[in-house]
Amino acid sequence: MRSTRWKAASRAAIALAGAGALAASMALFATAPASAGTTLGASAAEKGRYFGTAVAGFKLSDSAYTTILNREFNMVTAENEMKMNATEPQQGQFSYGAADQIVNHARSRGMSVRGHTLAWHSQQPGWMESMSGSALRQAMLNHVTQVATHFRGQVVAWDVVNEAFADGSSGGRRDSNLQRTGNDWIEAAFRAARAADPGAKLCYNDYNTDNWTHAKTQGVYNMVRDFKARGVPIDCVGFQSHFNNESPYVSNYRTTLSSFAALGVDVQITELDIQGASASTYRSVVEDCLAVARCNGITVWGIRDSDSWRASQTPLLFNSNGSKKPAYDAVLAALNNGTTPTDPPTDPPTDPPTDPPTTPPPGPGGCTATVSVNQWTGGFVANVRVTAGSSALSGWTVTIALPSGATVTNAWSANRSGNTGTTNWTNVAYNGQVGAGQSTEYGFQANGTAGSLSPTCSAR
Ligand code: G3I
């Protein structure tokens, strides 16, 4: 039920942007918005997704900026204006002017709004930075309640808690004044947000959680699994995805997205930027999101390179003069070529996931396939990674023998023959070309027990 709300929001948003009337929006969506295939937001909406950007309120008077914003995007995140220091500069005195301006700009043009962020160790107002213990806990919960209440009905999702996990190998929480109020501060914030705005999707948002093998990714995964098991109201996980030379895009990103989705949460790419704006990396990110049914939107962290918090890395889709970069064309093409996968699992796994996938070194030529399984009682999701050998692939076939009682119910990013016993999987249009030593991934959901799967791969 909750996942349909995203699609409804993005559909309504793009249709309203084009037609300005709800009745018209229904008719438009049944066919296609006039701009379908020509702008990021319209093309994403065609796939049941949104395409958003961070917006800085003071730039709304820049017509070059708003021309691109209004044309291309159907979701908006306030870059700084909804943060704790902006909305509660003095304790108990709330200030919404700058945020309201962004919300009004967006909603009056049919764009939706992601709220960012209710609770964070950073950008706290001075009065909060010096607080601790139960006084801080109460102040934080009051902030969550007041701000979520103010924007009730105006934001489709909140980053309730931002960046609460530590970098490095611990996989644990980041030390902060909020963390020192007790480990339950995150779930307390989510419960307060749900009570204040029962209609908003509630997300946990973080960076450097893109690589499935990283301890931080696993730490957040374990928290979300625990929250789902205990009924803590979490609906979605945001992956900031600030990619750069120190923290690059990795091919297991799709595994990360699909593994979180298999816990029963939506996933979103919330602050995307890529150092140098490689067109192929942008394309991969979009393809990864489209391959995961519960990945319901992508937000880039700014419009033009000059708008970026990392402007010198030229990481965005538009040049500083507002012209489209090759990365823009790659993103638009990926949105227009993408397929909508069948639905992923809705039941959260109850068993721990298997270890992150490891890829054995491929032999010369040909390809290898490895599989990671999330098993729960009565079913499982398998993510299969196909790795090219010393030559590039122009197509591949993977064969997997399923144990007795296992039946495939749906799949994504591969064509399938057979759903029991010996199953054969071939690439779809967009993932058949795999460079030498490079990888691509597909996945499937099945009833029954996976046991030990031994996929084999052959090049075509
Ligand atoms: O508005 C003041 C201005 O009056 C003053 O003259 C100037 C002097 O430095 O500062 C201006 O405020 C800056 C603000 O951006 C607006 O430009 C702050 O100093 C600066 O700290 C702030 O940086 C923001 C940063 O979050 C703070 O942590 C970035 O714009 C914003 O893009 C960035 O966004 C974060 C996400 O919220 C969370 N994930 C990471 C992401 C990138 O850091």
Side-chain angles (χ1 to χ4, degrees), residues 52-62 65 69 73 75-89 95-99 101-103 113-126 128-129 140 143-144 147 151 155 157-167 173-174 176-179 186 189 202-211 214 216-217 220 236-249 267-275 277 285 297-318 320:
T53 183
V55 166
F58 70 88
K59 292 179 183 159
L60 291 176
S61 56
D62 173 350
Y65 181 84
L69 168 63
F73 299 96
M75 180 71 77
V76 159
T77 304
E79 186 171 1
N80 288 297
E81 293 78 355
M82 288 190 189
K83 293 173 179 175
M84 300 177 100
N85 59 354
T87 50
E88 195 178 359
S95 170
Y96 297 118
Q101 186 195 8
I102 293 175
V103 170
V113 178
R114 289 188 96 258
H116 174 79
T117 171
L118 293 171
W120 189 19
H121 69 275
S122 181
Q123 284 190 284
Q124 293 180 1
M128 185 179 274
E129 284 177 334
M140 181 274 286
H143 180 89
V144 170
V147 177
F151 292 106
V155 302
W158 269 109
D159 291 332
V160 177
V161 170
N162 196 40
E163 302 177 0
F165 275 73
D167 294 311
R173 297 283 182 86
R174 171 195 297 278
S176 73
N177 59 349
L178 291 169
Q179 181 62 29
I186 298 179
L202 304 183
C203 308
Y204 176 78
N205 192 52
D206 214 330
Y207 66 91
N208 281 356
T209 49
D210 315 293
N211 187 327
H214 279 179
K216 186 172 177 180
T217 309
V220 176
C236 35
V237 176
F239 297 84
Q240 294 184 10
S241 305
H242 295 292
F243 293 120
N244 54 49
N245 296 343
E246 286 69 50
S247 181
Y249 168 82
V267 293
Q268 292 115 36
I269 299 166
T270 54
E271 302 183 15
L272 179 63
D273 48 24
I274 301 173
Q275 179 172 13
V285 171
I298 299 172
T299 294
V300 286
W301 206 240
I303 297 178
R304 303 160 302 193
D305 283 334
S306 53
D307 301 317
S308 171
W309 69 301
R310 287 174 164 169
S312 65
Q313 294 185 3
T314 60
L316 294 175
L317 301 178
F318 294 87
S320 298

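Whatever order the structure lists ligands and atoms in, that order sets their numbers, starting from 1. Values below: all heavy atoms of this structure, side chains included; hydrogens, waters and symmetry mates excluded. For this chain, numbers begin at 1 and follow the sequence in order.
There is a protein heavy atom closer than 4.0 angstrom to atom 38 (C) of ligand 1. Put simply, atom 20 (C) of ligand 1 has no protein non-hydrogen atoms near it, under 4.0 Å away. For atom 13 (C) of ligand 1, the nearest protein heavy atom lies 4.0 Å or farther away. Put simply, atom 6 (O) of ligand 1 has no protein non-hydrogen atoms near it, under 4.0 Å away. For atom 33 (C) of ligand 1, the nearest protein heavy atom lies under 4.0 Å away. Per-atom contact check: atom 3 (C) of ligand 1 does not touch the protein, criterion being a heavy-atom distance below 4.0 Å. Protein heavy atoms come within 4.0 Å of atom 30 (O) of ligand 1. Checking atom 24 (C) of ligand 1 against the protein gives a heavy-atom contact under 4.0 Å.
Between Leu118 and the choices Asp159, Val144, Leu202, Val161, the side chain to side chain contact (heavy atoms under 4.5 Å, CB included) rule is met once, by Val144.
Close contacts of ligand 1 with Glu163, meaning ligand atoms under 4.0 Å from a residue heavy atom, involve 38 (C), 39 (N), 40 (C). Set against the non-hydrogen atoms of Asn162, the atoms of ligand 1 under 4.0 Å away are 38 (C).
Although no hydrogens or angles enter the test, the distance criterion places a donor-acceptor pair under 3.5 Å between the side chain of Thr87 and the main chain of Lys83. Between the side chain of Glu81 and the backbone N or O of Gly57 there is at least one donor-acceptor pair closer than 3.5 Å. Without hydrogens or angle criteria, Lys216 side chain to Tyr207 main chain gives a donor-acceptor distance under 3.5 Å. Checked by atom type and distance alone, the side chain of Ser95 never pairs as donor or acceptor with a backbone atom of Glu88 at under 3.5 Å.
Geometrically, ligand 1 and Trp301 share a nitrogen or oxygen pair separated by less than 3.5 Å. The shortest N or O to N or O distance between Ser122 and ligand 1 is not under 3.5 Å. Inclusion of Gln240 in the set of residues having an N or O under 3.5 Å from an N or O of ligand 1 is warranted.
Using a non-hydrogen distance threshold of 4.0 Å, His242 registers as a contact of ligand 1. Residue contact check for ligand 1: Trp120 places a non-hydrogen atom closer than 4.0 Å to it.
Side chains of Glu163 and Gln240: a donor-acceptor N/O pair is present below 3.5 angstrom, by distance only. Thr314 and Asp305 form no side-chain donor-acceptor contact under 3.5 Å, judged by distance and modelled atom types alone. Side-chain polar atoms of His242 and Glu271 form a donor-acceptor pair below 3.5 angstrom. A side-chain donor-acceptor contact under 3.5 Å links Asn177 and Gln124.
Heavy-atom proximity to atom 26 (O) of ligand 1, evaluated over Glu81, Glu79, Lys83, is greatest for Lys83.
Of all the heavy atoms in Ala157 and Cys203, the pair that sits closest is CB-SG, 4.2 Å. Thr299 and Ala54 get closest at one heavy-atom pair: CG2-N, 3.9 Å.
Among all non-hydrogen protein atoms, the one lying nearest atom 28 (O) of ligand 1 is Gln123 OE1, 3.3 Å. Here the heavy atom of the protein found nearest to atom 40 (C) of ligand 1 is Glu271 OE1, 3.2 Å. Nearest non-hydrogen protein atom to atom 15 (O) of ligand 1 is Asn80 ND2, 3.5 Å.
Neither the backbone nor the side chain of Thr117 comes within 4.0 Å of ligand 1, counting heavy atoms alone.
Between Asp62 and Arg304 there is a side-chain heavy-atom pair separated by less than 4.5 Å.
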